[in-house]
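What follows is a short report on a single structure.
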Protein chains: 2
Amino acid sequence: VAQLQTLTKVYRQQTSAIEVQALRGVDLTFRRGEYIAICGASGSGKSTLLNILGCLDRPTSGQYLLGGADVSLKNDDELSDIRSEFLGFVFQSFNLIPQLTVQENVEVPLFYRNEPAEERARMAKIMLEMVGLSDRGHHRPNELSGGQMQRVAIARALVNDPLLILADEPTGNLDTRTGEMILDVFDRLNKQEQRTIIMVTHEPDVAARCSRTIHLRDGLILSDDPNPPY
Amino acid sequence: VAQLQTLTKVYRQQTSAIEVQALRGVDLTFRRGEYIAICGASGSGKSTLLNILGCLDRPTSGQYLLGGADVSLKNDDELSDIRSEFLGFVFQSFNLIPQLTVQENVEVPLFYRNEPAEERARMAKIMLEMVGLSDRGHHRPNELSGGQMQRVAIARALVNDPLLILADEPTGNLDTRTGEMILDVFDRLNKQEQRTIIMVTHEPDVAARCSRTIHLRDGLILSDDPNPPY
Ligand SMILES: Nc1ncnc2c1ncn2[C@@H]1O[C@H](COP(=O)(O)OP(=O)(O)OP(=O)(O)O)[C@@H](O)[C@H]1O
Ligand SMILES: Nc1ncnc2c1ncn2[C@@H]1O[C@H](COP(=O)(O)OP(=O)(O)OP(=O)(O)O)[C@@H](O)[C@H]1O
Ligand SMILES: [Mg+2]
Ligand SMILES: [Mg+2]
């Protein structure tokens, strides 16, 4: 369960006095096992909202309660622990580490959990298999196509068995068929394992798989409705 | 007019003997004013093909004739001149320069043409207006949303009035409405100014706007057909 109350996020540019009000007062509650799509125009605040939900960024004002605890009272180390224990995050720009191999990139979240090396390797390989990249483990990110990089980011987000999966345009660089394969994985994690999934997407077909769709516009929630059954 | 004959591209990994055959023998001819969609699964060779068409990469074997001249006989400086004179390229991962402002990023192709500063600024502003970002000229790329970065990359690709526009998933990070605005710009450049446009896309609606669709699969052309009228 998580709750955002009157959340705002204001970016202040260092070089000038310009302020960008990315989120202008967002109220949102969600429960374990929900499958939520976040839609909205370019620049409407979707990634900003996801970053705050994923404890990667702090709001300017308002409150974020995660599992009943106020996230703003946690220090950076505690947030880092929360992320590695409970959260899986697929970034809009993948954020892979160029110096590590594909398999090592997928293993990174497991370093924080002190898994032995063979266990990390085993779990990473299962994930790479799931996204169709088991033959790419020893490549580097700059030797991959855009959609392959996106799939490595997805494998990394899932390897630590997260309870809350936050995915920012997870199929944006994938052809329809590969994208469906990934969404089938998400469906299964949600329906069979009750993982909570929050997915930013600009494609209506992708949003249709979710149980609830939230529309953002200029940093405010325009609508928040259950979806008809898929 | 451009022609690719039996083009191959093989990537050899430095760290191992592994070879990836990204293109396995591609024959392709296109003429001035065509509007071509390139589709195919993740990893099928689309970006590789586009990079070779855009003179950003050289084939392993086969020939690429651009305007009748064999591109493989040109040195890097000559290729750089060709690109700045004739080509506009929208990269799948945007490739913006973090240290430059948005407006400076858009101006970069005009540096190679020795335009005076006020002329560069004027042309860049027209492009930013066209992609809906005229209020962002003084921001840096890391202060933008994913879709805003993509639009800056598009503005930069068009600022030097290119004859050949190569766009790799140009609407991949854009919501439907913003994406349509960008595609309307491409349509106008093609129909009113006879610019040749080659666009990689995984979305059938986007491909439907083109006059011809090429499907790639595992580094080979699977099909190459005219589209029914839009
Ligand atoms: N520098 C490189 N070294 C080794 N292999 C590479 C390199 N760049 C690309 N590849 C491989 O070549 C193949 C084609 O890559 P390409 O980027 O052209 O695919 P794509 O069709 O654009 O895919 P996507 O839709 O995922 O962007 C892929 O298997 C990719 O892993
Ligand atoms: N670090 C930053 N500094 C200043 N402004 C920022 C920063 N990051 C984002 N913004 C601005 O905040 C607004 C919301 O950005 P956000 O990335 O959340 O949009 P988005 O909905 O994810 O867009 P897209 O669909 O294009 O990815 C945008 O106007 C963006 O320019
Ligand atoms: Mg975003
Ligand atoms: Mg690609």
Side-chain angles (χ1 to χ4, degrees), chain A residues 11-16 18 20 22 39-48 50-51 91-94 96 101 131-133 135-151 168-169 171-179 181-182 200-205 207 215-217, chain B residues 11-16 18 20 22 39-48 50-51 91-94 96 101 131-133 135-151 168-169 171-179 181-182 200-205 207 215-217:
Chain A
Y11 291 109
R12 257 176 222 92
Q13 225 187 344
Q14 295 150 337
T15 46
S16 72
I18 300 174
V20 176
C39 306
S42 173
S44 55
K46 305 180 296 293
S47 298
T48 302
L50 218 68
N51 288 341
F91 291 86
Q92 191 171 6
S93 52
F94 322 148
L96 301 181
T101 64
V131 300
L133 288 175
D135 61 338
R136 291 300 172 126
H138 300 293
H139 280 71
R140 294 253 147 66
N142 67 353
E143 295 166 326
L144 299 181
S145 74
Q148 289 167 340
M149 286 195 270
Q150 189 157 37
R151 284 184 273 157
D168 202 339
E169 311 268 5
T171 60
N173 277 281
L174 301 176
D175 59 285
T176 313
R177 199 145 150 241
T178 313
M181 169 173 104
I182 293 298
V200 169
T201 179
H202 66 256
E203 294 182 51
D205 302 356
H215 281 276
L216 270 191
R217 183 167 160 184
Chain B
Y11 291 109
R12 256 175 221 92
Q13 227 190 339
Q14 295 149 337
T15 46
S16 73
I18 300 174
V20 176
C39 306
S42 173
S44 55
K46 306 181 294 293
S47 297
T48 302
L50 217 68
N51 287 341
F91 291 85
Q92 190 169 7
S93 54
F94 321 148
L96 300 181
T101 65
V131 300
L133 289 174
D135 60 338
R136 291 300 171 125
H138 301 293
H139 280 72
R140 292 254 147 66
N142 67 355
E143 294 166 326
L144 300 182
S145 74
Q148 288 167 340
M149 286 195 271
Q150 188 157 38
R151 284 184 272 158
D168 202 338
E169 311 268 5
T171 60
N173 276 283
L174 300 177
D175 60 287
T176 314
R177 200 149 150 237
T178 313
M181 169 173 103
I182 294 298
V200 168
T201 178
H202 67 257
E203 294 183 50
D205 303 354
H215 280 276
L216 270 192
R217 182 170 164 182

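Chain identifiers are assigned alphabetically (A, B, ...) following the order of the sequence lines, protein sequences preceding nucleic acid strands; residue numbering begins at 1 within each chain.
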Tightest non-hydrogen contact, residues A:Ala207 and A:Cys39, listed as CB-SG, 4.1 Å
Minimal heavy-atom distance between B:Glu143 and B:His139, with the atoms involved, is OE1-CA, 3.5 Å
Side-chain contact test, heavy atoms from C-beta onward, threshold under 4.5 Å: evaluate it for [X] versus [Y] and give yes or no.
X: A:Gln92; Y: A:Lys46; answer: no
X: B:Thr101; Y: B:Arg140; answer: yes
X: A:Arg136; Y: B:Val20; answer: yes

Assert top hit (heavy-atom pairs under 4.5 Å, partner chain A, pool B:Leu174, B:Asp168, B:Thr48, B:Leu144) equals B:Leu174
Pick one of side chain, backbone, both or neither for [X], based on which atoms fall under 4.5 Å of a heavy atom in chain A.
X: B:Thr178; answer: side chain
X: B:Thr171; answer: backbone
X: B:Gln150; answer: neither
X: B:Ser42; answer: both

